[in-house]
Amino acid sequence: MKSILSRNNPIGFFDSGVGGLSVMKKTIELLPHENYIYYGDSKNAPYGVKTVDEVKKLSFKAVEFLLEKGAKAIVIACNTATAAAVEDIRKGYADIPIIGIEPALKPAIELNKNGDILIMATPMTLNEKKFAKLMSRYKEKKSIIPLPCAGLVEFIESGVLEGEELRKFLSEKLQGHNYKNTSSIVLGCTHYPFVRNEIQSIVGHEVNIIDGSLGTAKELKRRLKENNILNEKKEKGNIEIYNSKSEVVELSYKLINL
Ligand code: DGL
């Protein structure tokens, strides 16, 4: 289905669940006059432990849903779906700006601090060739340690953003990688910024925690400008949230308003 490239149409975001809301939240700060439409596929979350083909199929379904609703541009607010499907989606919808997200390794390198850079992400993101390409660009410069975090998305999907059980899960993950020598942590999954405080309290405030949402928001702005479809209204835009699991919609509105 074709998008109607009109300034007043919404920007469509999707993710395997509620994670992409962290990216949409940052984008709303940068572009408050845009209209937004979000699709979370919580019924099928997590994506990070599925096959690439499954994630591709689900991603195409999400894009179709957003285009039916009139999206003028699509943000794949999911590192996993970006790794698995961005190339195919761009080929399939060549006339619509498609913006993906990948682990924000560059800003971590640019901090130029001593110590390891830890990348927390889903197993699929870390196994895909897109990530291997990203690593090969920087691995000479720094010690970069991928840390697959299967199981973490489930906490956030069920609205658990703090507490003992989560802290135990995170401590075990991080201890397994001797985080004492870590200079920064890249959150390579859009769910993880929602548990940033818990991660920070485990690793301490010397460690920088970086995510890719601002970079993605800026890239979206650049693409909207380039296509002459930035919304020029003066008032605040609308936000509509959909989810394949209807009971998650309420949590989604909470997360966007955190
Ligand atoms: N928010 C998705 C990401 O950025 C989570 C993936 C999942 O569902 O496993 O990778």
Side-chain angles (χ1 to χ4, degrees), residues 12-27 38-63 66 74-87 89 98-105 107-108 118-132 134-135 146-161 166 169-170 173 185-196 199 209-217 219-220 241-245 248 251-252 255-256 258:
F13 282 67
F14 79 90
D15 177 47
S16 64
V18 297
L21 291 163
S22 65
V23 187
M24 194 163 97
K25 201 170 151 64
K26 202 35 110 194
T27 310
Y38 185 90
Y39 178 73
D41 191 12
S42 295
K43 202 169 120 193
N44 293 299
Y47 280 6
V49 291
K50 292 193 181 327
T51 67
V52 171
D53 270 353
E54 279 172 319
V55 174
K56 268 187 197 169
K57 263 190 213 130
L58 294 168
S59 300
F60 269 91
K61 257 180 88 174
V63 172
L66 294 169
I74 302 286
V75 178
I76 308 176
C78 176
N79 292 262
T80 308
T82 300
V86 68
E87 280 173 27
I89 292 174
I98 309 280
I99 292 88
I101 186 164
E102 62 178 13
L105 197 45
L118 216 58
I119 305 191
M120 297 172 73
T122 68
M124 187 183 298
T125 299
L126 299 173
N127 283 335
E128 274 308 289
K129 55 178 186 300
K130 210 167 183 315
F131 181 71
L134 185 68
M135 275 287 270
L147 180 58
C149 293
L152 183 49
V153 160
E154 286 85 335
F155 281 94
I156 300 134
E157 280 295 310
S158 53
V160 177
L161 309 184
L166 173 62
F169 176 93
L170 288 168
K173 273 274 166 237
I185 295 181
V186 175
L187 303 180
C189 167
T190 56
H191 280 73
Y192 302 170
F194 289 115
V195 295
R196 179 192 302 258
I199 298 171
I209 300 184
I210 298 164
D211 72 68
S213 52
L214 182 61
T216 306
E219 174 61 9
L220 168 68
I241 299 178
Y242 297 86
N243 197 296
S244 55
K245 198 174 171 183
V248 180
L251 168 67
S252 305
L255 292 174
I256 202 84
L258 271 186

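Hydrogens, waters and symmetry mates are skipped; everything else that's a heavy atom, side chains included, is used. Since this is a predicted model, take the numbers as computed values, not measurements. Counting starts at 1 for both ligands and their atoms, following the listed order.
Ionic pairing of D211 and R196 is present here: one or more N-O contacts between side-chain nitrogen and carboxylate oxygen are shorter than 4.0 angstrom.
In summary, the side chains of T80 and T122 do present a donor paired with an acceptor at a separation below 3.5 Å, with no hydrogens or angles considered. Between N243 and S42, the side chains place a donor N or O and an acceptor N or O closer than 3.5 Å (distance only, hydrogens not considered). Side-chain N/O atoms of D41 and S244 include a donor and acceptor closer than 3.5 Å.
Atoms of ligand 1 lying under 4.0 Å from at least one heavy atom of D15, given by number and element, are 1 (N), 2 (C).
Of all the heavy atoms of T122, the ones lying under 4.0 Å from any atom of ligand 1 belong exclusively to the side chain. The side chain of S16, and not its backbone, has at least one atom closer than 4.0 Å to an atom of ligand 1 (non-hydrogen atoms only; side chain from C-beta on).
Residue contacts with ligand 1: T190 is placed with a nitrogen or oxygen under 3.5 Å of a nitrogen or oxygen of the ligand (distance criterion only). Polar contact with ligand 1: absent for T125 (N/O pair, distance under 3.5 Å). Ligand 1 has no nitrogen or oxygen under 3.5 angstrom from a nitrogen or oxygen of V153.
Atom 9 (O) of ligand 1 has its closest protein heavy atom at G48 N, 2.7 Å. Atom 7 (C) of ligand 1 has Y47 N, 3.2 Å as its closest protein atom, hydrogens excluded (heavy atom only). In terms of protein heavy-atom proximity, atom 10 (O) of ligand 1 is nearest to T80 OG1, 2.6 Å.
Under a 4.0 Å heavy-atom criterion, C78 is in contact with ligand 1.
Within 6.0 Å of atom CD in E87, 12 or fewer heavy atoms from other residues, nucleotides or ligands are found, so the atom counts as exposed in its surroundings.
Judged by distance alone, the side chain of Y38 and the main-chain N or O of G20 form a donor-acceptor pair under 3.5 Å.
For the pair V195 and F155, the minimum side-chain heavy-atom distance is 4.5 Å or more.
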